[in-house]
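Notes to accompany the following structure.
Heavy-atom basis, side chains included; hydrogens, waters and symmetry copies ignored. Just so it is clear: chains get the letters A, B, ... in the order the sequence lines come, proteins before strands, and each one is counted from 1.
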Number of protein chains: 2
Amino acid sequence: MSPDHDHPRPALTVDCVVFAIGDDGLEVLLIERDHEPFAGSWALPGGFVEMDENLESAARRELEEETGLTDVFLEQLYTFGATDRDPRGRVVSVAYYALVDRAHAHLAADSDAAAVDWHSVAALPGLAFDHREIVAAAHERLRGKVRYAPLGFELLPRHFTLTQLQRIYEVILDSALDKRNFRRKILAMGLLVDTGKLQRGVAHRAPRLYRFDRRRYKQLERDGFSFWL
Amino acid sequence: MSPDHDHPRPALTVDCVVFAIGDDGLEVLLIERDHEPFAGSWALPGGFVEMDENLESAARRELEEETGLTDVFLEQLYTFGATDRDPRGRVVSVAYYALVDRAHAHLAADSDAAAVDWHSVAALPGLAFDHREIVAAAHERLRGKVRYAPLGFELLPRHFTLTQLQRIYEVILDSALDKRNFRRKILAMGLLVDTGKLQRGVAHRAPRLYRFDRRRYKQLERDGFSFWL
DNA sequence: CCAAAAGTGTTTATGATACACCCATGT
DNA sequence: ACATGGGTGTATCATAAACACTTTTGG
């Protein structure tokens with residue numbers, strides 16, 4: 001017996017809000033739509049969920065197909081189901097957000113899309129469907145969660161400097177942070193490991209490179225420690 | 001053109017995790033299923049989303065139909081879409097959680113359900129589908145969010161005493177709180193209004209009744225204030 | 001008059017904030 | 001040598017935590 005035999009079903013899609021930090025601050029990855037509806041408009045990467053795949057798998061598949069990105073940090077955001085959100089009919093969309101290191105994210109536009117490109121969150125073009133609302137929800141989630149979860153590291157390469165990390169937080173929280181206080185606090189958590197390497201090739205004193213100790217984070221988390229910035 | 005014309009679609013449901021504080025601590029409202037699958041098992045109230053209703057509307061409708069509850073605090077939790085979560089086939093469920101004042105929640109079992117009743121979260125019976133996992137996710141969300149959002153008030157009648165409020169937090173956070181510190185902190189936020197009334201009929205000094213000032217909360221929130229406990 | 005919860009301040013400890021200069025490197 | 005960001009410590013302030021007794025009411 002089918003769950004609802006003759007019962008009509010909404011279509012189900014996933015959409016991905018991919019964030020990175022660029023020169024213009026926080027940026028989102030958008031694709032230019034090739035087909036109707038909203039052909040020519042910018043939109044979030046996403047598409048229909050297959051019958052035999054989990055939701056997160058669908059999000060990862062669509063992301064790879066449409067942008068070339070794989071192995072990114074990905075988390076479910078919210079499910080958007082307003083009855084009029086798609087002009088073609090009833091379409092419910094499970095939205096995810098992803099965090100990537102812009103410098104190491106090599107993009108490859110799909111045949112379905114005219115283009116793939118980064119756009120400053122502060123100056124988005126007109127978006128298809130309710131995608132502006134979805135980006136706004138993702139942005140709010142990121143701003144809230146970055147303070148109590150180790151999300152900042154997902155926007156950086158595996159080895160990074162404290163100044164790079166501080167910039168991540170300054171961009172997301174949209175406020176200047178004190179360098180000494182920031183460094184003291186983040187190092188005091190004991191989650192950063194000094195790799196012993198230095199970043200050479202910069203026209204000033206070579207900064208130390210750190211990495212985030214995921215194993216230790218999970219350990220401390222179990223022991224009741226909570227990340228806080 | 002239909003969004004996916006010949007493309008098969010998962011079925012879409014909503015499920016509600018309704019919390020209240022009872023004598024056994026945190027409790028969840030469950031219905032005893034009348035029909036297969038899982039006939040006789042306890043399950044979350046919920047059901048299929050109609051083509052012309054929003055997701056939250058569907059959750060409220062199912063909640064009223066199956067338990068009689070209306071006008072509750074309701075928030076989207078997470079969407080569960082594991083391919084094997086329903087033995088009948090592919091069913092994706094958008095889960096919501098609700099908070100109600102147990103004393104004022106008058107229940108009415110639907111014809112579809114053999115029974116509706118409260119169950120201690122600490123000692124749940126076996127649940128249908130992946131409902132145990134959904135309850136766990138809702139519980140975690142509640143524990144996390146109650147500290148930075150004014151959710152506690154949703155579990156009390158409009159007029160309440162500070163001791164009642166403290167108990168809410170103690171139950172949800174599962175830790176004892178200092179009475180004097182609790183009262184100082186919660187009153188300092190300026191969100192509670194002394195109604196001037198006393199709760200009579202108790203075998204001890206009559207406590208003052210307060211109410212939560214929602215208008216003022218929204219005001220302060222806009223001004224950058226953030227609830228914290 | 002007894003039981004039961006209401007109500008009320010102060011001290012101490014901890015964590016947050018503010019703040020300025022010298023150092024190392026590449027050009 | 002100069003421009004650029006890297007790296008470091010202390011004093012002050014604000015918030016959190018610990019803690020015990022008197023008051024009021026109903027039975």
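- Using a 4.5 Å cut-off on side-chain heavy atoms (C-beta onward), L29(B) and D117(B) make no contact.
- When the C1' atom of dT25(D) is taken as reference, atom NE2 of H204(B) falls 8 Å away, rounded to whole Å.
- The number of heavy-atom neighbours closer than 6.0 Å to CG of D194(A), taken from other residues, nucleotides and ligands shown, is above 12.
- Classification of the F212(A)-Y217(A) ring pair by plane angle, with boundaries at 30° and 60°, yields tilted.
- Using a 4.0 Å heavy-atom criterion, one finds that R208(A) contacts the sugar-phosphate atoms exclusively.
- Taking the six-membered ring for Trp, F160(B) and F153(B) have ring centres closer than 6.0 Å.
- E62(A) places no side-chain N or O within donor-acceptor distance of the main-chain N or O of P45(A), the cut-off being under 3.5 Å.
- Contact annotation for R200(A): backbone-only contact, meaning every heavy-atom pair under 4.0 Å involves sugar-phosphate atoms and none involves a base.
- What separates NZ of K185(B) from P of dA14(D) is a distance of 18 Å, to the nearest Å.
- In this structure, F182(A) places its CZ atom 18 Å from P of dG9(D), rounding to the nearest Å.
- Protein chain B contacts DNA chain C over a range whose 5' and 3' limits, counting nucleotides with an atom under 4.0 angstrom from a non-hydrogen atom, are dA3(C) to dT10(C).
- With the nearest nucleotide of DNA chain C identified for both L198(A) and R184(B), R184(B) has the one nearer the 5' end.
- Counting non-hydrogen atoms of neighbouring residues, nucleotides and ligands closer than 6.0 angstrom, the CG atom of N181(A) exceeds 12 such neighbours.
- Ranked by how close their nearest DNA chain D nucleotide is to the 5' end, W228(B) and V202(B) are led by W228(B).
- A heavy atom lying under 4.0 Å from DNA chain C marks none of the residues of residues 148-177 of chain A.
- Under the 3.5 Å distance criterion, with hydrogens and angles disregarded, no donor-acceptor pair is assigned to the side chains of Y96(A) and E56(A).
- Spacing between atom CG of D178(B) and atom P of dT15(D) amounts to 18 Å, rounded to whole angstrom units.
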N/O-N/O pairs, protein side and nucleotides 20-22 of chain D side, under 3.5 Å:
residue	atom	partner	partner atom	Å
dA20(D)	N1	R180(B)	NH1	3.4

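- Between R60(B) and V72(B) the shortest side-chain heavy-atom distance falls below 4.5 Å.
- Taking 4.0 Å as the cut-off between side-chain N and carboxylate O, R102(A) and E154(A) do not count as a salt-bridged pair.
- In this structure, F38(B) has its ring center under 6.0 Å from that of F129(B).
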| task | Test salt bridge (charged side-chain N to carboxylate O under 4.0 Å, His left out) on E133(B) and R85(B) and set out the steps. | result | CA-CA 11 Å; E133(B) 188 188 343; R85(B) 58 177 296 282; over 6 Å; no
